[in-house]
There are 2 protein chains.
Amino acid sequence: MNSKPISATISDVAAHAGVSIATVSRVLNGTTPVQAEKAERVKRAVAELNFVPRPAARTLASRKTNTIGLVFSEIRGAFFPHLLKGIESQLHEAGYELLVYSTHSDRPIKRKPIGEHNTDGLLVFTTSLDKEEIARLYQINFPIILMHETPPAGMDIPVITVENKDGAVMLVDHLITHGRRRIVFLRGPDGHEDSQWRERGYREALAAHDIPFDETLVSSGEFDQETAYQSLKKLIHNGVDFDAVFAGDDDAAIGVYRALKEANRLIPDDVAVVGFDDVDFAGYISPPLTTVRAPIEEVGREAVRQLLSLLNGEQAQSLVLKRTELVIRESCGCLKHS
Amino acid sequence: MNSKPISATISDVAAHAGVSIATVSRVLNGTTPVQAEKAERVKRAVAELNFVPRPAARTLASRKTNTIGLVFSEIRGAFFPHLLKGIESQLHEAGYELLVYSTHSDRPIKRKPIGEHNTDGLLVFTTSLDKEEIARLYQINFPIILMHETPPAGMDIPVITVENKDGAVMLVDHLITHGRRRIVFLRGPDGHEDSQWRERGYREALAAHDIPFDETLVSSGEFDQETAYQSLKKLIHNGVDFDAVFAGDDDAAIGVYRALKEANRLIPDDVAVVGFDDVDFAGYISPPLTTVRAPIEEVGREAVRQLLSLLNGEQAQSLVLKRTELVIRESCGCLKHS
DNA sequence: ATATACTTTGAAAACGCTTTCAGAAAGCGT
DNA sequence: ACGCTTTCTGAAAGCGTTTTCAAAGTATAT
């Protein structure tokens, strides 16, 4: 009967190998050269006792958690698995752990759930952390990377995002080039950077073709299927005249499709529809959705890379913009129906 | 100039409040009654110093990590965000942290990445952890919940999954009832429980209608769009005769749609198609997909609930089967085309 | 008033590592 | 052979909590 309730500790290994715990630590971490023969004994002991160092003890002693945190506001959205995959793979490759946190607005935040005590650095997606908390972390010089959100004024926090404005310009320009004039734009959630840039692109493309901006064509889509559906329904009900819809993102485009079909308006004959993101299903809805491809998995990977730079004391790039790419399918009407 | 480099510790709080660190710990955790006035002083000190206990120190002293691990093999799949959301919300509500790990087969597992040293319990999705590791954890009585996978023989590990077989029966029965006889089945990844149960349902439904099982109608779909596409293409190329396809899951159904369209076979007129899961886009592809709704977010929540029971020393239910529900749309051909 | 039983508290010992410090051993030049 | 470096190595001091233990203070019972 084993008296030791829990698994081996560094002392067990040390005893078993006939060395001090300091030496064990050294061969484990390779911090200091150790006599070959002793190192061998230690390794054997580690294997035999099936020793795994407790991260908690390590963290306490070294003041490094070896963990980074991912914070986001809402898991919704078809792009999420790609983002997570990019982050996860890149991060674990570098030997870090991933702590995941979603900041529902409805959840009462008792004790600070994630921060310096928890992690060595943070990956923050859109507006999931409030300005004050970001400011606080910035003050104490805590490594942060923002994804799809620019930092509050005066703070030099690295950002990684996609060419939202360019993408929107491509989309809207394409629509206009093919004869559309009254283009609805469905905004994303309030304060969402992606949406703001996309709107800017929308306006620029309009301006470039001397089409005046019309406030009545802009409504709320929230990057959400249901909201987009409701908004478009209301526009139709109000008799607003339009011949195209830039849905804000692909999820919202789904809602647009639904509203249009209910109103018996043909896509793209009566109304052209375009989305943003190029999520998995975009090419398979009917008609296939013209959209802009956002390299979201790459955003995740890049964010991790930059964060790792910060953790290694190197400088991070203050802004990385991933290129977007127009994906023309059938919903914009410029390809023949199949 | 502050000499203290890092934030306050329990000693600072104790000094500030004029009590011992033991007392501070007690009011923080409510483990032992503390004189009201002193407790008040401690709380004030905590607030003033902005004290947050270091989890590492807590873990080391209490031998509880207060975090649970989620292990899965592949983030792919439209259902993933729902699963994660269910887990995340339920877990954080209970005050636990979430450590996320994906076990790519290609990643060389150096040191055990996740286990007793890391977490208080594990949520394991499908075959992401190999039998030996599960066995080892089971031996040492480590809390585990399996999702969508039954435990190795002889181990009484709680499982939570959905009514895969019933769902498949409903689907195939529906197809047969509406006149389909030669129904292709696309298997999921090798050894995937969900797929095995769905196949069993497929066979039972066939048998119930005295239709002999035909091996040539079964192929590999891998729950993956591309694989399904290739498999179906090959079936068509080989001249296999069929009037319906049970794609295994919705992602595979997408691939089936593509192959069918390329071959100019009409859905559902020439071939009926059904999926499984009812992911977000299922109702919006063309034609809308008939499928079975799997309450995946609820699976996540339930898994957490069961794990928490285990952690509280209570008994967990050894099998929870979430009900599935047939969702009839247009791809099965029993509704009129819109 | 005295003995007994709770309550509340602080000192100090873990928890399992990393890291500093200084000493021992080994290498080297002359 | 004798100092002087250069390598290795172990003892011990943390890291920041929780928890045990016993003491001190209070209340209750007789």
Side-chain angles (χ1 to χ4, degrees), chain A residues 3-43 45-46 49-67 97 111-112 115-120, chain B residues 4-42 45-46 49-67 97 111-112 115-120:
Chain A
S3 63
K4 273 256 142 64
I6 322 188
S7 46
T9 75
I10 199 174
S11 311
D12 299 327
V13 175
H16 198 277
V19 297
S20 73
I21 61 169
T23 298
V24 175
S25 173
R26 287 192 265 255
V27 352
L28 249 34
N29 302 302
T31 40
T32 298
V34 165
Q35 197 182 318
E37 186 254 344
K38 282 188 182 173
E40 197 43 53
R41 286 211 314 264
V42 168
K43 280 178 193 160
V46 166
L49 300 178
N50 216 304
F51 170 68
V52 179
R54 306 293 172 287
R58 276 193 139 137
T59 297
L60 192 55
S62 67
R63 302 155 145 296
K64 296 189 73 288
T65 64
N66 201 40
T67 298
E97 302 298 330
R111 209 158 293 289
K112 293 290 178 208
E116 336 86 85
H117 52 284
N118 245 357
T119 54
D120 293 340
Chain B
K4 272 254 142 65
I6 323 188
S7 45
T9 75
I10 199 173
S11 312
D12 300 326
V13 175
H16 197 278
V19 298
S20 73
I21 62 169
T23 298
V24 175
S25 173
R26 288 193 263 255
V27 353
L28 250 35
N29 301 301
T31 41
T32 299
V34 166
Q35 198 182 320
E37 186 252 347
K38 280 188 183 172
E40 198 42 54
R41 286 209 317 262
V42 169
V46 166
L49 299 178
N50 217 304
F51 170 68
V52 179
R54 306 292 173 289
R58 274 189 136 133
T59 297
L60 190 56
S62 66
R63 302 154 147 295
K64 296 189 74 284
T65 64
N66 202 40
T67 103
E97 303 297 330
R111 208 157 294 289
K112 293 290 176 205
E116 337 84 85
H117 51 284
N118 245 356
T119 54
D120 293 340

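Quick note: numbers below take in every heavy atom, side chains included, and nothing from hydrogens, waters or symmetry partners. Below, chains carry the letters A, B, ... as their sequence lines are ordered, and counting in each starts from 1.
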Provide, to the nearest angstrom, the distance between the [atom1] atom belonging to [X] and the [atom2] atom belonging to [N].
X        : N      : atom1 : atom2 : result
A:His117 : D:dG16 : NE2   : C1'   : 14 Å
A:Lys64  : C:dC17 : NZ    : C1'   : 14 Å
B:Leu60  : D:dC15 : CG    : C1'   : 9 Å
B:Gln35  : C:dT7  : CD    : P     : 15 Å
A:Asn118 : D:dG16 : CG    : P     : 15 Å
A:Arg54  : D:dG16 : CZ    : C1'   : 18 Å
A:Lys38  : C:dA26 : NZ    : C1'   : 13 Å
B:Arg63  : C:dC17 : CZ    : C1'   : 13 Å

- Between A:Ala56 and B:Thr59, what is the shortest heavy-atom contact and its length?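 What the structure gives for the nearest pair is CB-CG2, 3.5 Å.
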- Query: What are the two closest heavy atoms between B:Asn118 and B:Thr67, and how far apart are they?
  - Reply: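 Of all heavy-atom pairs spanning B:Asn118 and B:Thr67, the closest is O-OG1, 3.6 Å.
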- Item | A:Ser11: partners by side-chain contact (heavy atoms from CB on, under 4.5 Å), with sequence neighbours left out | A:Thr9, A:Ile21
- Mind checking side-chain contact (heavy atoms from CB on, under 4.5 Å) for A:Ser25 and listing every partner two or more places apart, or none if nothing turns up?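 Applying side-chain contact (heavy atoms from CB on, under 4.5 Å) to A:Ser25 gives A:Ile10, A:Asn29.
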With [X], which residues qualify under side chain to side chain donor-acceptor pair (under 3.5 Å), at least two apart?
X        : answer
A:Thr119 : none
A:Glu97  : none
B:Ser20  : B:Thr23
A:His117 : none

- Query: Which part of the nucleic acid, if any, lies within reach of A:Thr32 when heavy atoms closer than 4.0 Å are counted: base, sugar-phosphate only, or nothing?
  - Reply: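 Touches a base.
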- Just call it for B:Thr59: base, sugar-phosphate, or nothing, with non-hydrogen atoms closer than 4.0 Å on any strand. nothing
- Can you tell which of D:dG10, D:dT17, C:dT9 lies closest to the side chain of B:Thr9?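 Nearest to the side chain of B:Thr9 among the choices is D:dT17.
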- Message: Nearest to the B:Ser20 side chain among C:dA11, C:dC17, C:dG16, which nucleotide is it?
- Response: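 Between C:dA11, C:dC17, C:dG16, the one nearest the side chain of B:Ser20 would be C:dA11.
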Protein N or O to nucleotides 18-22 of chain D N or O, pairs below 3.5 Å:
residue: D:dT18; atom: OP1; partner: B:Asn29; partner atom: OD1; Å: 3.4
residue: D:dT18; atom: OP1; partner: B:Asn29; partner atom: ND2; Å: 2.9
residue: D:dT18; atom: OP1; partner: B:Arg58; partner atom: NE; Å: 3.0
residue: D:dT18; atom: OP1; partner: B:Arg58; partner atom: NH2; Å: 3.3
residue: D:dT18; atom: OP2; partner: B:Ser25; partner atom: OG; Å: 2.5
residue: D:dT18; atom: OP2; partner: B:Asn29; partner atom: ND2; Å: 3.4

- Task: Any chance you could encode DNA chain C as dot-bracket? Rule is Watson-Crick or G-U wobble with both distances under 3.5 Å; [ ] for pairs crossing earlier ones, | for another strand.
- Result: ||||||||||||||||||||||||||||||
- Message: Once salt bridge (charged side-chain N to carboxylate O under 4.0 Å, His left out) is applied, what residue pairs with a partner in residues 23-42 of chain A remain, sequence neighbours excluded?
- Response: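 Non-adjacent pairs meeting salt bridge (charged side-chain N to carboxylate O under 4.0 Å, His left out): A:Glu37-A:Arg41.
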